[in-house]
Amino acid sequence: MIVDMKGVRKLYQSPEGEIGALEDITFSIEEGEFISIVGPSGCGKTTLLSIVAGLEAPSSGEIWVDGAISRGVNPKIGYMPQRDQLFAWRSIWDNVNLGLEIQGRRDAEHEGFVRTLLERYGLARFSDCVPAQLSGGMRQRCALIRTLATGPRILLLDEPFSALDYQTRLSVAGDIHSIIKKEGKTAILVTHDISEAVSMSDRVVVLSARPGTLKCIVNQPELHDLSPMQRRDHALFQRYFNQIWKEIDISA
Ligand code: ADP
Ligand code: MG
């Protein structure tokens with residue numbers, strides 16, 4: 001397994017006292033798997049992702065990444081934030097190379113890899129544009145390429161499509177899903193959209209209302225080899241949707 005969470009617990013200190021954000025989260029992820037995490041707002045989804053990313057430490061419990069206890073930021077992990085966070089004044093080319101630049105690895109070899117990604121995913125001719133000249137979906141693909149550029153094995157995606165309108169969202173989700181599968185990455189997607197989780201992932205992890213505990217993990221083996229769009233047409237799509245819906249405590 002590539003990610004292993006063991007009894008992860010997170011408490012935040014606030015002026016009113018301690019806030020329990022996560023309680024005893026234990027599950028593991030195999031290399032190449034696509035996992036979604038769903039649960040009501042405020043249940044600790046973002047917290048869990050930032051703990052896996054090494055941006056925050058758990059209050060107790062452990063996260064193992066690729067066989068070692070995770071402490072701090074790990075180059076094996078790429079984090080794709082909610083908004084695309086491309087810099088308006090930088091060209092697309094300079095934006096997608098930003099991660100490499102920060103890591104001091106922006107050399108000819110790595111730039112060549114970035115160029116290949118831009119070509120493969122239909123963005124090469126926009127290299128000299130600035131983000132404002134691109135559609136929301138294209139910007140989201142750029143954000144993914146910037147994340148892939150540094151060569152992470154695990155991608156963390158925190159509600160990456162929430163700024164997009166519904167139609168764009170469906171098509172970008174399809175693009176991003178196929179890019180992640182083609183590149184053979186492991187992915188953890190946080191979303192509050194059950195249909196997005198069913199359409200993109202191999203397994204769906206359902207968290208309870210705060211403090212987030214693990215309610216269940218839904219595997220959907222019949223859908224694994226299908227694209228998000230094909231899944232939405234599949235006879236079992238609604239069944240998995242309902243199964244997850246019943247587990248989510250929306251009264252919270
Ligand atoms: P989600 O992403 O599922 O909506 P979060 O992980 O953002 O939930 O937050 C979980 C809970 O922890 C929320 O109640 C939130 O207010 C609280 N929380 C998150 N970050 C902090 C922080 N830095 N300090 C205090 N409380 C926090
Ligand atoms: Mg969140």
Within one Ile-Leu-Val-Met-Phe-Trp-Tyr cluster: Ile25 and Val205, side-chain cutoff 4.5 Å: yes
pair Leu155-Leu144: side-chain heavy atoms closer than 4.5 Å: yes
Minimum side-chain heavy-atom gap Glu31-Met1 below 4.5 Å: no
Pairwise side-chain contact, Ile77 with Pro152, heavy-atom cut-off 4.5 Å (strictly under): no
Side-chain heavy-atom pair Trp93, Glu111 within 4.5 angstrom cut-off: yes
Check ion pair Arg106-Asp94 (N to O, under 4.0 angstrom): yes
Rounded distance (nearest 0.5 Å) linking atom CD1 of Ile179 with atom CD1 of Ile145: 6.0 Å
Pair Arg120 + Glu183, salt bridge at N-O below 4.0 Å: yes
Backbone N/O of Ser199 and side chain of Arg232: donor-acceptor pair under 3.5 Å: no
Verdict with supporting geometry, Asp128 and Ser91, side-chain contact (heavy atoms from CB on, under 4.5 Å): CA-CA 5 Å; Asp128 297 329; Ser91 67; 5.5 Å; no
Distance (rounded to the nearest 0.5 Å) between Glu62 CD and Ile51 CD1: 13.0 Å
Residue pair Ile176 / Met80, side-chain heavy-atom distance below 4.5 Å: yes
hydrophobic_cluster_shared for Val172 and Leu123, side chain cutoff 4.5 Å: yes
Ion pair Lys181/Asp202, N-O distance below 4.0 Å: yes
Donor on one side chain, acceptor on other, Thr191 and Asp193, under 3.5 Å: no
Leu189 reachable from Ile217 in the ILVMFWY side-chain graph, under 4.5 Å edges: no
Carboxylate-amine/guanidinium contact Glu196 Arg169, below 4.0 Å: yes
Heavy-atom donor-acceptor pair, Lys45 side chain to Gly39 backbone, under 3.5 Å: yes
Side-chain donor-acceptor pair present, His192, Glu159, cut-off under 3.5 Å: yes
Closest contact, heavy atoms only, Cys43 versus Leu207: SG-CB, 3.9 Å
Asn95 CG to Leu134 CG distance, which is reported to the nearest 0.5 Å: 10.0 Å
Derivation of the side-chain contact (heavy atoms from CB on, under 4.5 Å) call for Lys182 and Tyr121: CA-CA 11 Å; Lys182 264 192 210 124; Tyr121 301 116; 3.9 Å; yes
Stepwise salt bridge (Lys or Arg N to Asp or Glu O under 4.0 Å) test for Arg90 and Glu101: CA-CA 13 Å; Arg90 283 188 154 227; Glu101 202 173 303; 2.7 Å; yes
Same apolar cluster: Val190 and Ile63, side chain cutoff 4.5 Å: yes
Where Asp4 and Ser28 come nearest, the two heavy atoms and their spacing: OD1-CB, 3.3 Å
Side-chain donor or acceptor of His110 paired with backbone N/O of Arg105 under 3.5 Å: yes
Donor-acceptor contact below 3.5 Å, side chain Thr147 vs main chain Ala143: yes
Flag, side chain of Ser50 to backbone of Thr46, donor-acceptor distance under 3.5 Å: yes
Check against side-chain hydrogen bond (donor to acceptor under 3.5 Å, both in side chains), Thr47 and Tyr12: CA-CA 10 Å; Thr47 302; Tyr12 285 114; 3.3 Å; yes
Side-chain heavy-atom pair Val8, Thr26 within 4.5 angstrom cut-off: no
Over all atoms of both residues, closest heavy-atom pair of Tyr79 and Ala53: CD1-CB, 3.8 Å
Polar side-chain atom of Gln140 near backbone of Pro160 as donor-acceptor pair, under 3.5 Å: yes
Plane angle bin for Phe241 and Trp245 - parallel if under 30°, tilted between 30 and 60°, otherwise perpendicular: parallel
Any side-chain heavy-atom pair of Val96 and Cys142 under 4.5 Å: yes
Distance in Å, Lys246 NZ paired with Ile194 CD1, rounded so as to fall on 0.5 Å steps: 12.0 Å
Ile244 reachable from Leu48 in the ILVMFWY side-chain graph, under 4.5 Å edges: no
Closest non-hydrogen atom pair, Arg203 against Asn219: CG-OD1, 3.5 Å
Backbone of Glu247 reached by a side-chain donor or acceptor of Lys215 within 3.5 Å: yes
Min side-chain heavy-atom separation Ile19-Leu11 under 4.5 Å: no
Glu119/Arg125 salt bridge by N-O under 4.0 Å criterion: no
Exercise: identify the closest heavy-atom pair between Ser127 and Leu118: OG-CD1, 3.8 Å
Intermediate values then yes/no, side-chain contact (heavy atoms from CB on, under 4.5 Å), Leu86 and Arg139: CA-CA 8 Å; Leu86 300 174; Arg139 286 205 296 271; 3.8 Å; yes
Criterion side-chain contact (heavy atoms from CB on, under 4.5 Å) on Val130 and Trp89, from CA distance to verdict: CA-CA 7 Å; Val130 291; Trp89 62 90; over 6 Å; no
Value rounded to 0.5 Å, distance of CZ in Phe34 from CD1 in Ile29: 11.0 Å
Ion pair check, Arg153 and Asp66, cut-off under 4.0 Å: yes
Gap separating the CG atom of Leu164 from the OG atom of Ser162, nearest 0.5 angstrom: 7.5 Å
Side-chain donor or acceptor of Ser201 paired with backbone N/O of Val204 under 3.5 Å: no
Backbone of Ala21 reached by a side-chain donor or acceptor of Arg210 within 3.5 Å: no
Minimum heavy-atom distance between Gly20 and Pro211, given as atom pair plus value: O-CB, 3.2 Å
Arg231 (side chain) donor-acceptor with Val198 (main chain) under 3.5 angstrom: yes
